[in-house]
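Step one of this worksheet: look at the structure below.
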Amino acid sequence: MKGALKDLNLNIVEMTDENATLDGGDVLFTGREFFVGLSKRTNQRGAEILADAFKDYAVSTVPVLEGLHLKCFCSMGGPGLIVIGSSEPAQKALKIMQQMSDHRYDKLTVPDDLAANCIYMNLPSKGHVLLHCTAEEFPESAKVFEKLKDHMLIPMSNLERGKVDGSLTCCSVLINKKANI
């Protein structure tokens, strides 16, 4: 991975503090700021290192009271749109995020927390694209995604990844860089 990022001429910041932990599943970048879930996999020191690496962005921490990490119940569904699960812990986290932020985000609440784990991409030839859970996995949540009329919706099964506590965002590294083709 490090080699691929270097080939793209991206700046790489390595965490060398042995006491710092930071799981990508706890890092939500909204395009304006970062929210970092404090969970079993991410601690305050990890959030501080992220803040040091991205000084131009606000970094706020959010306690993850249930679930593996922040993105188990929350992700970005588009510019300024947070997809959030409906459970009490998810809604509490959203409330904290709203209190910490100067920006007001739209929200799309899905009945199933795990269905909130989706991947948004703005592709030049396709526009707003959202990879999300299938109706087979979460039928009620899949119906909620259908409200996003300006998005190309692509259902993706997470059944196999879910067996090892994985999700859609666990299998992705999104890079905002134009290809030199």
Side-chain angles (χ1 to χ4, degrees), residues 1-64 67-84 90 93-94 96-108 114 116-132 151-152 154 156 158 161 164-181:
M1 176 59 85
K2 187 175 180 180
L5 295 174
K6 279 186 176 182
D7 289 347
L8 292 169
N9 293 317
L10 294 174
N11 185 33
I12 299 170
V13 177
E14 293 190 48
M15 289 186 4
T16 56
D17 185 332
E18 292 179 8
N19 297 315
T21 59
L22 184 68
D23 186 304
D26 281 317
V27 179
L28 180 68
F29 181 59
T30 69
R32 295 176 173 263
E33 62 193 315
F34 288 93
F35 292 106
V36 179
L38 298 179
S39 69
K40 294 173 185 163
R41 295 185 175 196
T42 297
N43 64 18
Q44 183 66 39
R45 183 66 188 127
E48 291 167 0
I49 291 172
L50 182 81
D52 288 343
F54 293 95
K55 293 183 188 305
D56 292 339
Y57 295 97
V59 176
S60 302
T61 58
V62 182
V64 175
L68 195 58
H69 47 65
L70 182 64
K71 289 184 183 173
C72 284
F73 56 77
C74 175
S75 60
M76 295 306 295
L81 176 65
I82 293 177
V83 180
I84 188 81
L94 177 64
I96 292 168
M97 291 163 61
Q98 290 170 329
Q99 291 169 346
M100 308 276 281
S101 180
D102 292 332
H103 182 70
R104 291 292 147 237
Y105 295 97
D106 293 326
K107 69 174 181 173
L108 181 70
L114 291 176
N117 184 278
C118 55
I119 299 173
Y120 168 77
M121 299 174 288
N122 185 7
L123 302 178
S125 60
K126 304 289 184 194
H128 301 293
V129 177
L130 190 69
L131 309 179
H132 64 88
H151 285 57
M152 175 188 287
I154 303 175
M156 301 281 299
N158 195 50
R161 284 181 297 276
V164 292
D165 292 329
S167 58
L168 293 177
T169 58
C170 293
C171 301
S172 63
V173 176
L174 300 178
I175 298 172
N176 186 15
K177 188 166 178 79
K178 293 189 176 169
N180 296 325
I181 300 174

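Quantities reported herein were computed from a predicted structural model and do not represent experimental measurements. Scope of the values below: all heavy atoms of this structure, side chains included, with no hydrogens, waters or symmetry mates.
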Any side-chain heavy atom of P63 sitting closer than 4.5 Å to one from I96? yes

Any idea which heavy atoms bring V59 and A51 closest together, and the distance? CG2-CA, 3.6 Å

For D52, what residues pass the salt bridge (Lys or Arg N to Asp or Glu O under 4.0 Å) criterion, not counting sequence neighbours? K55

A side-chain contact here means heavy atoms from C-beta on lying under 4.5 Å apart; do N117 and K71 qualify? yes

Work out which heavy atom in R41 is nearest to a heavy atom in L68; give both atom names and the distance. NE-CD1, 3.5 Å

pair T61-T42: side-chain heavy atoms closer than 4.5 Å: no

Within this structure, what is the CG-CD1 distance for the pair D17 and I49, rounded to the nearest 0.5 Å? 5.0 Å

F73 versus A93, closest heavy-atom pair with distance: CE1-CB, 3.5 Å

Could you state the interatomic distance from CG (L130) to CE (M76), rounded to the nearest 0.5 Å? 11.0 Å

Of all heavy-atom pairs between C74 and I84, which one has the smallest distance, and what is that distance? CB-CD1, 3.8 Å

Using side-chain heavy atoms (C-beta onward) and a distance below 4.5 Å, is Q98 in contact with R104? yes

NE2 on H128 to CG on L123, rounded to 0.5 Å: 10.5 Å

Are the aromatic rings of F29 and Y57 close, with centres under 6.0 Å apart? yes

Are R32 and S101 packed together at the side-chain level, in the sense that at least one heavy-atom pair is separated by less than 4.5 angstrom? no

Would you mind reporting whether H103 and T30 have side-chain heavy atoms less than 4.5 Å apart? no

Residues G46 and A20: closest non-hydrogen pair is N-CB, 3.9 Å

How far apart are the C-alpha atoms of L28 and M97, what are their side-chain angles, what is the distance that settles it, and do they pass the side-chain contact (heavy atoms from CB on, under 4.5 Å) test? CA-CA 11 Å; L28 180 68; M97 291 163 61; 3.7 Å; yes

